[in-house]
Amino acid sequence: MKFAQRILAVNPSMTLAIDATARELKARGEDVIGFGAGEPDFDTPDHIKQAAIEALNKNDTHYTPVGGTPALKNAIIHKLKSEQGLEYSQDQILVSCGAKHTFYNLAQVLWEPGDEVIIPAPYWVSFPEMVGLSGAKAVIVPGLEPNDFKMTPDQLRSAITPKTRAVLINSPSNPTGSAYTRSELEALAECALKHRLLILSDEIYDKIVFDGFEHVSIASISKEVQDNCVVINGASKGYAMTGWRIGYMAGNADIIKQATKFQGQSTSNPCSISQAATIAALMGPQEPVRRMVEEFQRRRDFIVQGLSNIPGVTCYKPVGAFYAFPNFSALYGKSWSGGKIQGSLDFADFLLKEAKIALVPGIAFGADENARMSFAASVETIQKGVDRIAKAVHSLTD
Ligand SMILES: *Cc1c(COP(=O)(O)O)cnc(C)c1O
């Protein structure tokens, strides 16, 4: 079979693959502990599920407007105003089938071969692939661990060429859990505006922040920044609604118009029932979210402490999201029965075989010294996992 070059150039999602391997091993009866999951382990709150049931009973089962129902767009406008202080109108919102779909739509309408898009590393695995699918080139800027993996304005400036069209900001970040402060965002925005770059701000983890950290949307810095920014968000992470597939963008009406046209000829509207449920999520009580975040914070403290206690392992303390991103590079060069560990792929393979631990090698995110461990797992599971890692690491030889 002949396939298009477009798809042959795409790498499959390593996070999804590792999750699938862990599930498969478990199904075969192996006692594997999976830290690969990219989703909350909580159930969708009841009042949201109830809204979906009501939508079904009211026969809300037909096509909706392509870009989302006016009622959901209003709920999104309300959320962005009350939580980020941003004002938008209906023609500045597009609802899609998940924030991944939102970014895909943007890539398809904004870029083509010859364009460059700046992506700070460590990055979410799908960003470079979706930029690649548009024909544009992903330019990777490596955020350094001593700077909490964050891109500096100087790094941004050095990556800009006459071909650069946009820069991506993902705060809080998947996979590192680090997040930009207002003043850091101000400096990045100033640089982006000066070079006429569009800013894409993925804020899917805006609600999952710890120790009172204030999430700031880069779009809220000034009207000028807002006009040059597309905010991306969705229901998946904050409301434990990954399966419902609702994401959205807010930005310049011309971009929304083209992206809506693209969606109208590809996927059409997102699921009508999920849209009704998302209104309940955005407008209803936020208490379930607070409880979930509290529990994530407890687990974060636990996993960071546990990992840091293992000789040869260091672990940045994330301020948001639900991932730890420990650094295992001091163990590279050591050996086990399977050979010498040369990088994060080898290390993940070693842990899967020796300790029955599934985690995602950092190389998938453009950071080979680290690995991602989701703490969307109970404290007992985390404890067991950390103990196994400690034991396996202890068995390594020079
Ligand atoms: C999970 C995730 C998304 C998208 O999730 P959807 O389920 O498609 O809404 C987008 N960006 C980042 C950084 C993520 O981690």
Side-chain angles (χ1 to χ4, degrees), residues 13-16 18-19 35-42 44 48 68 72 76 79 93-108 117 119-131 133 138 140 143 149-151 166-180 199-209 215 217-218 230-250 259 263 266-267 270-271 274-275 277-278 281-282 292 296 318-325 360 362 364-367 372-376:
S13 164
M14 207 186 288
T15 51
L16 294 181
I18 285 179
D19 211 37
F35 288 103
E39 60 175 337
D41 54 328
F42 299 98
T44 303
I48 300 175
L72 175 53
I76 291 166
K79 180 258 190 271
I93 308 288
L94 168 59
V95 187
S96 304
C97 309
K100 187 182 274 185
H101 185 214
T102 298
F103 188 85
Y104 181 78
N105 281 342
L106 279 168
Q108 289 295 317
V117 178
I119 299 177
Y123 46 73
W124 181 45
V125 291
S126 298
F127 289 136
E129 301 297 335
M130 289 193 281
V131 169
L133 275 167
I140 307 299
F149 304 101
K150 290 187 268 198
M151 174 173 65
V167 56
L168 176 88
I169 302 290
N170 173 212
S171 176
S173 148
N174 173 4
T176 67
S178 85
Y180 292 94
I199 302 168
L200 303 188
S201 181
D202 180 333
E203 305 178 8
I204 194 107
Y205 295 100
D206 68 331
K207 290 184 176 292
I208 308 177
V209 288
H215 167 265
S217 171
I218 191 168
V230 182
V231 171
I232 301 166
N233 207 328
S236 284
K237 307 294 161 60
Y239 296 103
M241 289 176 70
T242 44
W244 300 74
R245 310 310 304 133
I246 295 290
Y248 57 86
M249 64 172 91
Q263 181 163 304
S266 47
T267 59
C271 169
S274 300
Q275 289 190 61
T278 303
L282 295 173
M292 184 169 75
F296 276 140
V319 297
F322 40 75
Y323 310 103
F325 204 57
V360 189
F365 313 98
R372 193 190 76 177
M373 295 178 67
S374 156
F375 46 87

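First listed ligand is number 1; within each ligand, the first listed atom is number 1. If you read the sequence from its start, that first residue is 1, and numbering goes on from there.
The backbone N or O of Pro40 sits nowhere less than 3.5 Å from a side-chain atom of Lys237 that would complete a donor-acceptor pair. Formation of a donor-acceptor pair under 3.5 Å by the Tyr180 side chain with backbone atoms of Met151 is found in this model.
For Asn170, no nitrogen or oxygen atom sits less than 3.5 Å from a nitrogen or oxygen atom of ligand 1, counting backbone and side chain alike. Of the N or O atoms in Ala99, one or more lie within a sub-3.5 Å distance of an N or O in ligand 1. Remark: ligand 1 and His101 share no N or O pair separated by less than 3.5 Å (distance only, no angle test). When only interatomic distances are considered, the shortest N/O to N/O separation between Ser236 and ligand 1 falls below 3.5 Å. Between Thr242 and ligand 1, no N or O atom pair is found at a separation short of 3.5 Å.
Atom numbering of ligand 1 starts at 1 in the shown order; those under 4.0 Å from a heavy atom of Asn174 are 13 (C), 14 (C), 15 (O). Within ligand 1, the atoms closer than 4.0 Å to a non-hydrogen atom of Arg245 are 6 (P), 7 (O), 8 (O), numbered from 1 in the order shown. Those atoms of ligand 1 that come under 4.0 Å of a heavy atom in Asp202, given as number and element, are 10 (C), 11 (N), 12 (C), 13 (C).
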Evaluate the side-chain contact (heavy atoms from CB on, under 4.5 Å) criterion for residues Ile246 and Met241: first the C-alpha distance (whole Å), next the side-chain angles of each, then the deciding distance (0.1 Å), finally the verdict. CA-CA 8 Å; Ile246 295 290; Met241 289 176 70; 5.7 Å; no

Kindly indicate, with the supporting measurements, whether the criterion side-chain contact (heavy atoms from CB on, under 4.5 Å) is fulfilled by Met130 and Leu106. CA-CA 9 Å; Met130 289 193 281; Leu106 279 168; over 6 Å; no

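Between Gly234 and ligand 1 there is no heavy-atom distance shorter than 4.0 Å.
Here the options are Phe322, Tyr239, Phe296, the test is ring-ring contact (aromatic ring centres under 6.0 Å, His included), and the partner is Phe42; only Phe296 passes.
Here Lys237 has side-chain heavy atoms under 4.0 Å from ligand 1, and that is the only part of it that gets that close. Residue Tyr205 touches ligand 1 through its side chain alone, judged by heavy-atom distances below 4.0 Å.
In this view, Ser173 and Asn170, Pro175, Thr176 satisfy the side chain to side chain contact (heavy atoms under 4.5 Å, CB included) rule, not counting sequence neighbours. The side chain to side chain contact (heavy atoms under 4.5 Å, CB included) search around Val125 returns Ser13, Thr15, Ala364, Phe365, not counting sequence neighbours.
Contact record, Ile140 with Pro128: CD1-CG, 4.5 Å, taken as the closest heavy-atom pair.
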